Amino acid sequence: MVHQQRSQTHLSQSSDTVDMAMLLAPRLAYFAGVARTEHVTRAAREMQVPQSTLSRAMVRLEQDLGVDLFARRGRTVSLTPAGRTFLTSVERALAEVERAADEVRADADPATGKVAFGFLHTMGAETVPGLLHAFRADHPRVRFSLVQNYGEAMIERLRSGELDLCLTSPVPDAPDLVARRLDEQKLRLVVPADHRLAARKRIRLAEAADETFVTLEPGYGLRRITDDLCKEAGFKPRIAFEGEEAETLRGLVAAGLGVALLPPPAVPRPGVAELTVTAPRAAREIGVAWLEGRPDTPPVAAFKKFLLSRRGNLLSD
């Protein structure tokens with residue numbers, strides 16, 4: 001049978017790619033089954049669909065494409081050159097769909113699924129490793145995709161679907177999010193070891209009004225808290241350096257480049273003194289957030305339940 005271009009087509013060359021995909025996709029597995037068996041009746045039996053349904057699907061597929069995919073001889077069929085070309089891409093596309101299906105099923109598996117979890121840099125050295133160790137005592141094969149970032153960036157990744165949960169501060173308040181306060185972390189005024197205030201144990205923040213500060217960049221939750229606390233203490237901090245990581249700021253303080261309001265370090269840092277701030281009350285709330293209305297896979301639901309069970313016992317100062 002000589003391959004001929006069909007005179008009637010349902011889609012022009014200018015048709016939108018998405019429209020073409022939606023039109024053709026339901027018939028691709030049928031086409032691959034018929035091409036594999038080269039027999040409509042046998043393919044219908046293997047795929048457990050009526051032969052008439054399969055035959056109509058192949059005719060419509062050819063009409064939509066505007067080309068003959070099969071040469072027909074009674075109940076048997078064979079691929080035309082166009083059919084062979086089309087089959088190569090169809091098999092590749094179906095294999096990719098199957099791979100994607102296997103991946104999402106694996107990620108949702110209660111025992112071995114995956115949780116995409118974001119957290120603040122300051123939680124990475126001690127808090128998060130401890131949480132994961134405790135959680136995996138009962139869920140030893142659950143996998144994690146871990147992301148360290150500042151609060152606003154993690155919220156955006158929640159909204160885009162890149163994260164399932166995030167541990168952040170301040171606790172967000174937005175209509176499209178659900179957030180739960182888990183714990184509170186005291187902040188300290190960190191000064192160089194040879195600073196005039198280094199021998200003190202406690203300090204009112206107003207006493208540091210004339211100091212030069214090193215802080216995180218705007219957009220970080222801890223920067224907002226620093227600015228708010230200084231404002232409450234009656235001054236606007238003079239900022240010499242802005243960074244992206246709390247321990248880098250602690251290093252700048254040790255080098256004598258300023259003072260900083262920081263959470264406690266995982267390991268004591270030489271070259272600095274850390275003073276308790278008595279006024280105003282210097283602390284930050286830590287909470288877990290997720291997107292409102294998004295269904296949880298079993299591993300995400302289990303980890304969320306675990307985090308909520310740690311309310312008031314998340315951190316150790």
Side-chain angles (χ1 to χ4, degrees), residues 1-116 139-145 160-164 291 293-303:
M1 177 177 178
V2 179
H3 165 65
Q4 295 180 349
Q5 184 76 19
R6 289 179 178 264
S7 60
Q8 182 181 2
T9 63
H10 287 259
L11 293 173
S12 69
Q13 291 181 345
S14 62
S15 293
D16 185 86
T17 302
V18 175
D19 291 339
M20 175 70 84
M22 292 177 64
L23 191 64
L24 300 181
R27 306 183 189 101
L28 297 185
Y30 286 170
F31 166 74
V34 174
R36 182 179 62 255
T37 62
E38 295 189 329
H39 198 285
V40 176
T41 303
R42 192 179 307 139
R45 186 166 55 247
E46 289 184 1
M47 289 187 282
Q48 299 182 341
V49 296
Q51 180 179 331
S52 58
T53 298
L54 195 56
S55 296
R56 284 196 301 269
M58 293 304 94
V59 170
R60 184 63 185 275
L61 178 61
E62 290 177 314
Q63 290 174 344
D64 289 337
L65 289 172
V67 296
D68 291 311
L69 299 174
F70 297 104
R72 292 165 173 82
R73 300 179 184 89
R75 295 183 179 181
T76 64
V77 296
S78 61
L79 288 171
T80 65
R84 284 193 295 272
T85 298
F86 191 54
L87 178 62
T88 299
S89 295
V90 166
E91 288 180 331
R92 190 161 54 240
L94 292 175
E96 180 62 20
V97 170
E98 183 63 28
R99 184 205 61 78
D102 288 343
E103 182 177 338
V104 297
R105 283 195 295 260
D107 286 349
D109 185 276
T112 62
K114 185 173 74 174
V115 179
H139 304 82
R141 295 191 293 159
V142 168
R143 296 169 290 124
F144 282 84
S145 172
S160 70
E162 296 175 70
L163 291 177
D164 298 309
L291 197 64
R294 178 182 294 164
D296 291 333
T297 63
V300 171
F303 189 58

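No hydrogens, no waters, no symmetry mates; every other heavy atom, side chains included, goes into these values. This is a predicted model, so every value here is computed, not measured.
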(request) Give a yes or no on whether the backbone of Thr112 and the side-chain of Arg143 come within a donor-acceptor separation of less than 3.5 Å. (result) yes

(request) Give a yes or no on whether a salt bridge exists between Arg73 and Glu38, defined as a side-chain N under 4.0 angstrom from a carboxylate O. (result) no

(message) Under a 3.5 Å distance rule, please check whether Arg42 uses its side chain to pair with a backbone N or O of Thr37 as donor and acceptor.
(response) yes

(request) Find the distance between CG (Leu61) and CG (Leu28) and round it off to the nearest 0.5 Å. (result) 7.0 Å

(message) Any non-hydrogen side-chain atom of Phe70 less than 4.5 Å from a side-chain atom of Leu79?
(response) yes

(message) If I compare all heavy atoms of Thr76 with all of His39, which pair ends up nearest, and what's the gap?
(response) CG2-CD2, 3.7 Å

(message) How long is the straight-line distance from CZ of Arg60 back to CE of Met58, given to the nearest 0.5 Å?
(response) 12.0 Å

(message) To check you understand the geometry: which heavy-atom pair defines the closest contact between Arg294 and Leu163, and what is its length?
(response) NH1-O, 3.1 Å

(request) Please state whether the rings of Phe31 and Phe86 are parallel, tilted or perpendicular, taking 30° and 60° as the class boundaries. (result) tilted

(message) Once rounded to the nearest 0.5 Å, what's the spacing between atom CD of Gln63 and atom CG of Asp68?
(response) 10.5 Å

(message) Taking the basic N atoms (NZ, or NE/NH1/NH2) and the acidic carboxylate oxygens, is any pair closer than 4.0 Å for Arg105 and Asp109?
(response) no

(request) Looking only at non-hydrogen atoms, find the nearest pair between Pro298 and Ala108 and report the distance. (result) CD-O, 3.2 Å

(request) Find the distance between CG (Asp107) and CG (Asp102) and round it off to the nearest 0.5 Å. (result) 11.0 Å

(request) Rounded to the nearest 0.5 Å, what's the gap from CE on Met47 to OG1 on Thr53? Could you check? (result) 10.5 Å

(request) Measure the CG-CD distance between Leu94 and Glu91 for me, rounded to the nearest 0.5 Å. (result) 8.0 Å

(request) Please report the closest heavy-atom contact between Gln51 and Thr41, naming both atoms and the distance. (result) OE1-OG1, 2.9 Å

(message) To check you understand the geometry: which heavy-atom pair defines the closest contact between Ala71 and Thr80, and what is its length?
(response) N-CG2, 3.8 Å

(request) Please test Glu96 against Arg92 for salt bridge (Lys or Arg N to Asp or Glu O under 4.0 Å), starting from the C-alpha separation and ending with a verdict. (result) CA-CA 6 Å; Glu96 180 62 20; Arg92 190 161 54 240; over 6 Å; no

(message) Give me the atom names and distance for the closest heavy-atom approach of Val142 to Pro299.
(response) CG1-CB, 4.2 Å

